[in-house]
Amino acid sequence: MYLPLQDIEAAKLNENDPEHLRIHSLETFGTHDGPGIRMVVFVQGCQFRCLYCQNPDSLDVKGGTIVEIQELVKRAVRQKNYFGKEGGVTVSGGEPLLQRSKLSTFFRMLHEEGINTCLDSNGRLNTPDVHELLRHTDILLLDVKHINEEWHLKLTGQSNKTSLQLAAYRESTGKKMWLRYVLVPGWSDQEEYVEEWARYFADYKTVERVEIIPFHQLGMHKWELLNLEYPLKDTPTPSEEIKKKTFDIFSKYFNNVVLK
Ligand code: SF4
């Protein structure tokens, strides 16, 4: 393991100050994380340790920059005209659920301004305060990184149980969800598991879209900058054949599959 895992209690350090968020970075005109044009807030801190993480500098729960929630709301309001009918604000990471209570406040304030909210999460927690955050979330972008528990553990350092539980919870609320799948050769491209993943969610009514995100090497330099050994440095990007095969499997079960 290349960075120390910090437990939930440590991450709660971030929860003590209700008016500020700990963020990694901000994207003003994002088009990759949710519908339309969006302001994307990448928060700091994550408990997964995905082998392919493109932002290893976002993992440390004590890193990043502290920003006032009110300031972020003002910024979103200034940008509102650009959001159009579909756009809005997405919170991504790192892992947003580590700052769940403050994000509930943030999303509530955005809704008061008529701004759409998306949450991009790995589903690490399934607790009442996460459910409260989901109440203020228009679309949950849920990353389910592997359907097989052992492979998920190898790939992320964590179990997939809470991610699956959170998906089931979201389904029970009837509110929208997009599922995301990072396709990594040798790690998450096994046909039988892709099929199992798709079958698992096939009957979900709230899944509006499934996104396949092909693995790439663009984050490699960040690992080097942090003096960390990048475990997937020799892993190729998925071939056209693998991408097509995965797309075809998902398309048997879902109407709206998008290969990013
Ligand atoms: S969940 Fe996201 S931020 Fe966390 S380690 Fe995985 S890829 Fe990186």
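Both backbone and side-chain heavy atoms feed into the values below; hydrogens, waters and symmetry mates do not. As the structure is a prediction and not an experimental result, all values here were calculated from the model.
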- Query: Is a side-chain N or O of T117 found less than 3.5 angstrom from the main chain of D138, in a donor-acceptor match?
  - Reply: yes

- Output yes when R135 and E132 qualify as a salt bridge under the 4.0 Å nitrogen-oxygen rule, no when they do not. yes

- Task: Would you kindly confirm whether L142 and L134 end up in one hydrophobic cluster when ILVMFWY residues are joined by side chain heavy atoms under 4.5 Å apart?
- Result: yes

- Item | S188 (side chain) donor-acceptor with V182 (main chain) under 3.5 angstrom | yes

- Query: Under the 3.5 angstrom rule, does the side chain of T137 hit a backbone N or O of L119 as a donor-acceptor pair?
  - Reply: no

- Message: Count I, L, V, M, F, W, Y as connected when their side-chain heavy atoms are under 4.5 Å apart, and connections chain through other members. Are L141 and V207 then in the same cluster?
- Response: no

- Query: Does T162 reach the side chain of R124, with side-chain heavy atoms less than 4.5 Å apart?
  - Reply: yes

- With side chains defined as the heavy atoms from C-beta onward, is the minimum distance between C53 and L59 less than 4.5 Å? yes

- Message: My understanding is that only residues two or more places apart in sequence, or in another chain, count here; which of them pass salt bridge (Lys or Arg N to Asp or Glu O under 4.0 Å) with D143?
- Response: none

- Of E195, E191, E192, which meets salt bridge (charged side-chain N to carboxylate O under 4.0 Å, His left out) against K245? E191

- Message: Quick check on the 6.0 Å ring-centre criterion: do W197 and F201 meet it?
- Response: yes

- Same apolar cluster (I L V M F W Y, side chains within < 4.5 Å links), F254/V258: no

- Query: Could you go step by step and tell me if T105 and R108 meet the side chain to side chain contact (heavy atoms under 4.5 Å, CB included) rule?
  - Reply: CA-CA 5 Å; T105 306; R108 222 175 32 239; 4.1 Å; yes

- Message: Run N160 and K145 through side chain to side chain donor-acceptor pair (under 3.5 Å) and show every step you take.
- Response: CA-CA 8 Å; N160 64 6; K145 293 164 188 286; over 6 Å; no

- Message: Keeping Q190 on the side-chain end and W187 on the backbone end, is there a donor-acceptor pair under 3.5 Å?
- Response: yes

- Task: Answer yes if the side chains of E211 and H32 hold a donor-acceptor pair under 3.5 Å, and no otherwise.
- Result: no

- Query: Taking all non-hydrogen atoms of both residues, which atom of P214 and which atom of L259 are closest, and how far apart?
  - Reply: CG-CD1, 4.0 Å

- Between K243 and E240, is there a salt bridge with N-O shorter than 4.0 Å? yes

- Message: Same cluster or not: L26 versus L110, using hydrophobic residues (I, L, V, M, F, W, Y) connected whenever any side-chain heavy atoms lie under 4.5 Å apart?
- Response: yes

- Message: One pair to check against side chain to side chain contact (heavy atoms under 4.5 Å, CB included): E86 and N116. What are the steps and the verdict?
- Response: CA-CA 8 Å; E86 291 208 303; N116 173 283; over 6 Å; no

- Within a reach of under 6.0 Å around CZ of R75, are more than 12 heavy atoms found that belong to other residues, nucleotides or ligands? no

- Message: Surrounding OH of Y82 (heavy atoms of other residues, nucleotides or ligands, distance under 6.0 Å), is the total greater than 12?
- Response: no

- Item | Where W178 and E208 come nearest, the two heavy atoms and their spacing | NE1-OE1, 2.8 Å

- Message: Closer than 3.5 angstrom, by distance alone: can the side chain of Q54 be matched with the main-chain N or O of Y52 as a donor-acceptor pair?
- Response: yes

- Task: Begin with the C-alpha distance, continue with both residues' side-chain angles, and end with the deciding distance and a verdict on side chain to side chain contact (heavy atoms under 4.5 Å, CB included) for I66 and R22.
- Result: CA-CA 5 Å; I66 307 290; R22 190 179 283 268; 3.7 Å; yes

- Message: Please check: side-chain N/O of H152 versus main-chain N/O of Q158, any donor-acceptor pairing under 3.5 Å?
- Response: yes

- Return the minimal non-hydrogen interatomic distance between F107 and C118, and the atom names on each side. CZ-O, 3.4 Å

- Could you state whether Y169 and I139 fall into the same hydrophobic cluster, counting links through intermediate Ile, Leu, Val, Met, Phe, Trp or Tyr residues with side-chain heavy atoms under 4.5 angstrom apart? no

- Item | Q47 backbone acceptor or donor facing E95 side chain under 3.5 Å | no

- Item | Verdict with reasoning, H221 to Y230, per ring-ring contact (aromatic ring centres under 6.0 Å, His included) | CA-CA 9 Å; H221 69 285; Y230 181 45; over 10 Å; no

- Item | Beyond-backbone contact of R180 with I213, side-chain heavy atoms, under 4.5 angstrom | yes

- Query: Within the side chain of S163, is there an N or O that forms a donor-acceptor pair under 3.5 Å with the backbone of N122?
  - Reply: yes

- Give the minimum heavy-atom separation between S159 and L153, together with the two atoms involved. N-CD1, 3.6 Å

- Query: Can you name the nearest heavy-atom pair linking V40 to S92, along with the distance?
  - Reply: CG1-CB, 4.1 Å

- Cationic N near anionic O, under 4.0 Å, K252 to D248: no

- Message: Do K233 and M220 make a side-chain contact, defined as non-hydrogen atoms from C-beta onward lying under 4.5 Å apart?
- Response: yes

- Check: L97 main-chain N/O paired with R100 side-chain donor or acceptor under 3.5 Å: yes

- Query: Does atom NZ of K260 have more than 12 heavy-atom neighbours, drawn from other residues, nucleotides or ligands, at distances under 6.0 Å?
  - Reply: yes

- Message: Under the criterion side chain to side chain contact (heavy atoms under 4.5 Å, CB included), I'd like the reasoning laid out for W151 against K154: C-alpha separation, chi angles, the key distance, then a yes or no.
- Response: CA-CA 5 Å; W151 275 99; K154 280 195 277 187; 3.8 Å; yes

- Is there a donor-acceptor pair closer than 3.5 Å between any side-chain N or O of Q44 and the backbone N or O of D57? yes

- Heavy atoms from other residues, nucleotides or ligands near NZ of K176 exceed 12 (cutoff 6.0 Å): no

- Message: Tell me if the NZ atom of K244 is crowded by more than 12 foreign heavy atoms within 6.0 Å.
- Response: no

